[in-house]
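Bear in mind that the values here come from a model prediction, so they are computed numbers and not experimental data. Just so you know, residue 1 is the first one in the sequence shown, and it goes up from there.
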Amino acid sequence: MDLLDTLTAKGLRGDVPTREEALAVLATTDDELLDVVAAAGKVRRRWFGRRVKLNYLVNLKSGLCPEDCSYCSQRLGSKAEILKYTWLKPDQAADAARAGVAGGAKRVCLVASGRGPTDRDIDRVTDTMAAIKEADPEVEICVCLGLLSDNQAERLKAAGADAYNHNLNTSESTYGTITKTHTYADRVDTVQKAHGAGLSACSGLIAGMGESDEDLVDVVFALRELGSDSVPVNFLIPFEGTPLAKEWNLTPQRCLRILAMVRFVNPDTEVRIAGGREVHLRTLQPLGLHIANSIFLGDYLTSEGQAGQADLDMIKDAGFEVEGAGEATLPRHRADVAAAAQAGGCGTAASACGSGGGCGPCGGHSHAAPAEQAAPVEAAGENAEAAAAEPTEGNEPAEGNDELRSDLVKVRRRGAGTELAPNA
C-alpha cells in the first residue's frame, strides 16, 4: 500500500507526514488494519525497540472539581458515583507510589482535581514528592494539577518534578463544545509554562467525544508543535452522570487507527495508551503495544484498569519488555533536547524545543492508585484527503450496545482514598 510505505519511510527518518496522509490513516478499512499496525510498529521499533514504559497514577485529591469538562467524572455537577476525598497525606501518597514502582513503573504521576493549584497546594505536592523520592530517588515524577500560575512550574521543578502533564484533549476549533470554564489557549499556556521551566512536557488528547477525523489530526499536530515529550492517548470513558455518558463512538479497530496516526505524526516521541484502553481496545490491547511504547499500570484516577499482573503478562506475551529505571525513554536526539530544556528552560516549547514533537489521563476521566482512607472532601497520496472524507468500513460507531458497553466502566473502589490495597 503506497500510503503505508510512504509513512513508514518518513517515520524511520523521523519525518512528519502531511495532514492528508494522517487523515488517510484514519480512513483505512478493517481489511487494512493489520497492515497499518505493522507499518506503525516498524516506526515504533526504530525509535523505542521493544521496550514498554510503565507509568503509575496516584490520585492525590478526587472529585468536586469546579471546572465543567464534559468528559470528566470529577467535573462540576457530575453525578458519577466516584470516590471523593481531599488531599492525601505525603506518606499515603508515597505508599501508593511504592506499589506502582514495585510493579515495574518508572514514572509516578501525581494528579489532583481542580482548576489549578494554590501556593499551598504546591507546598503539599512538594512534600509528597520528597516522600516519594526519599523511598526511591530514581523514580520519575510527573505532576498534573491543572492550570499553572506564574512561577509555579519553576517551584515544582526545583522541588524535584521531572514532568508536567496538561492535555490539550481536542482541537482548538471544537474545544469550546466540551468545556466553558477555561479555554484551549489556557491549556496551551500551561504546557508552555511547564516546558519553559525545564519540565518535560506531557500533553495528549481524548478520542471518542464525537470529534471528527480533522479534529483528531489538528490536536495531534498541535501537540507536536508544542514539543510534547510524551503524548498520552486517552479513549473516552463514558461515565454515567456526565454529559458524554452516551458517547460510545469507538471500536477497537478505530482506536488502533488513532494510535497509528499519532505514532506516524510523532515517530520519535513517547506515545502512551492511557485511559480507556481496557474499555475500548479490549482483547486487541496487545496490538496497541506494537504502536505505543508506554502504558499505565493498574488502575486510573476514578475507574479501574485490568489487574496489574495482567498488564505485565500482556507485555511479556506480546514479546515486549518492561523498560528499566536506568534506560532513557526518548531516543538520544530527543533526550538531548529534553536535557537541554531541563538544564536551562527553553522559553516556549514550540519555538525552542525542536520539532520532535509523560503523564496520561490526568485531566479528568482517568484513574488511580493506593493509600489509607482519606479525609472527607475540602472544598497519500493524491486521493488521501478525499478518502479521509468518505465513510469507510469499521469507522462507524457500534449501535445498540450501550447497556453492554456501560458494564465495562468500573468505578475505582480500591487504592487511594480507600482502605483496600491498590491494583499494581
Stepwise side chain to side chain contact (heavy atoms under 4.5 Å, CB included) check, V231 with V265: CA-CA 11 Å; V231 179; V265 177; over 6 Å; no

Exam field: side chain R155 to backbone I122, donor-acceptor pair closer than 3.5 Å: no

Heavy-atom pair of closest approach, residues L289 and F320: O-CZ, 3.5 Å

Validation row: T6, F264 side chains within 4.5 angstrom (heavy atoms): no

Side chains of T329 and E270, donor plus acceptor under 3.5 Å: no

D123/T126 under side-chain hydrogen bond (donor to acceptor under 3.5 Å, both in side chains): CA gap, chis, key distance, verdict: CA-CA 5 Å; D123 290 339; T126 294; 5.2 Å; no

Heavy-atom pair with the smallest gap, counting every atom of K133 and G160: CE-O, 3.5 Å

Derivation of the side-chain hydrogen bond (donor to acceptor under 3.5 Å, both in side chains) call for S171 and T174: CA-CA 6 Å; S171 69; T174 60; 2.9 Å; yes

The single option from T251, D213, D30 passing side-chain hydrogen bond (donor to acceptor under 3.5 Å, both in side chains) against R257: D30

Verdict with supporting geometry, L236 and V279, side chain to side chain contact (heavy atoms under 4.5 Å, CB included): CA-CA 9 Å; L236 176 71; V279 174; over 6 Å; no

Atom pair CG (L23) and OG1 (T28), whose distance is rounded to the nearest 0.5 Å: 11.5 Å

Main-chain N/O of V52 paired to N293 side chain as donor or acceptor, under 3.5 Å: no

L223 side chain near N266 side chain, heavy-atom distance below 4.5 Å: no

Main-chain N/O of H182 paired with T179 side-chain donor or acceptor, under 3.5 Å: no

Closest contact, heavy atoms only, P267 versus W47: O-CD1, 3.1 Å

Evaluation steps, side chain to side chain contact (heavy atoms under 4.5 Å, CB included), between T183 and V188: CA-CA 9 Å; T183 67; V188 170; over 6 Å; no

4.5 Å side-chain heavy-atom contact, L64 and S113: no

Validation row: H280, W248 side chains within 4.5 angstrom (heavy atoms): yes

Short side-chain to backbone donor-acceptor contact, N167 and S203, under 3.5 Å: no

Short side-chain to backbone donor-acceptor contact, T190 and R187, under 3.5 Å: no

Identified side-chain contact (heavy atoms from CB on, under 4.5 Å) counterpart of Y184 within the set L168, T170, N169: L168

Reported CG-to-CG distance for the pair D186 and L148, which is rounded to 0.5 angstrom: 11.5 Å

R98 vs D95, salt bridge (Lys or Arg N to Asp or Glu O under 4.0 Å): CA-CA, chis, key distance, verdict: CA-CA 5 Å; R98 192 174 300 114; D95 286 345; 2.6 Å; yes

Minimum side-chain heavy-atom gap M209-S70 below 4.5 Å: no

Value rounded to 0.5 Å, distance of CG in L284 from CG in L256: 5.5 Å

Donor-acceptor pair, side chain of R277 and main chain of A274, under 3.5 angstrom: no

Inter- and intrachain pairs under salt bridge (charged side-chain N to carboxylate O under 4.0 Å, His left out), touching residues 322-331, at least two apart: R51-E323, K106-E323

Check: N59 and R412 side chains under 4.5 Å, non-hydrogen atoms: yes

Over all atoms of both residues, closest heavy-atom pair of D311 and G298: OD2-N, 2.9 Å

Polar side-chain atom of D162 near backbone of C142 as donor-acceptor pair, under 3.5 Å: no

Worked verdict on I291 versus V271 for side chain to side chain contact (heavy atoms under 4.5 Å, CB included): CA-CA 8 Å; I291 304 171; V271 174; 5.7 Å; no

Closest non-hydrogen atom pair, V111 against L57: CG2-CD2, 3.5 Å

Salt bridge (charged side-chain N to carboxylate O under 4.0 Å, His left out): pairs with one or both residues in residues 139-149, sequence neighbours excluded: K53-E140, R107-E140

Salt bridge (charged side-chain N to carboxylate O under 4.0 Å, His left out): pairs with one or both residues in residues 192-203, sequence neighbours excluded: D150-K193, D189-K193

Separation between CG of L250 and CZ of F235, rounded to the nearest 0.5 Å: 7.0 Å

Donor on one side chain, acceptor on other, T8 and D5, under 3.5 Å: no

Close side-chain approach of K61 and R124, heavy atoms under 4.5 Å: no

Exercise: identify the closest heavy-atom pair between L156 and M129: O-CE, 3.9 Å

Trace of the salt bridge (Lys or Arg N to Asp or Glu O under 4.0 Å) decision for R19 with D218: CA-CA 8 Å; R19 281 182 50 84; D218 283 349; 2.4 Å; yes

Value rounded to 0.5 Å, distance of CD in E154 from CG in L199: 8.0 Å

Spacing of D268 atom CG and L12 atom CG [to the nearest 0.5 Å]: 11.5 Å

Atom NZ of K10: over 12 foreign heavy atoms under 6.0 Å: yes

Close side-chain approach of M261 to V217, heavy-atom, < 4.5 Å: yes

Side chain R115, main chain T181, donor-acceptor under 3.5 Å: yes

Pair K316 + D313, salt bridge at N-O below 4.0 Å: no

D68 (side chain) donor-acceptor with K180 (main chain) under 3.5 angstrom: yes

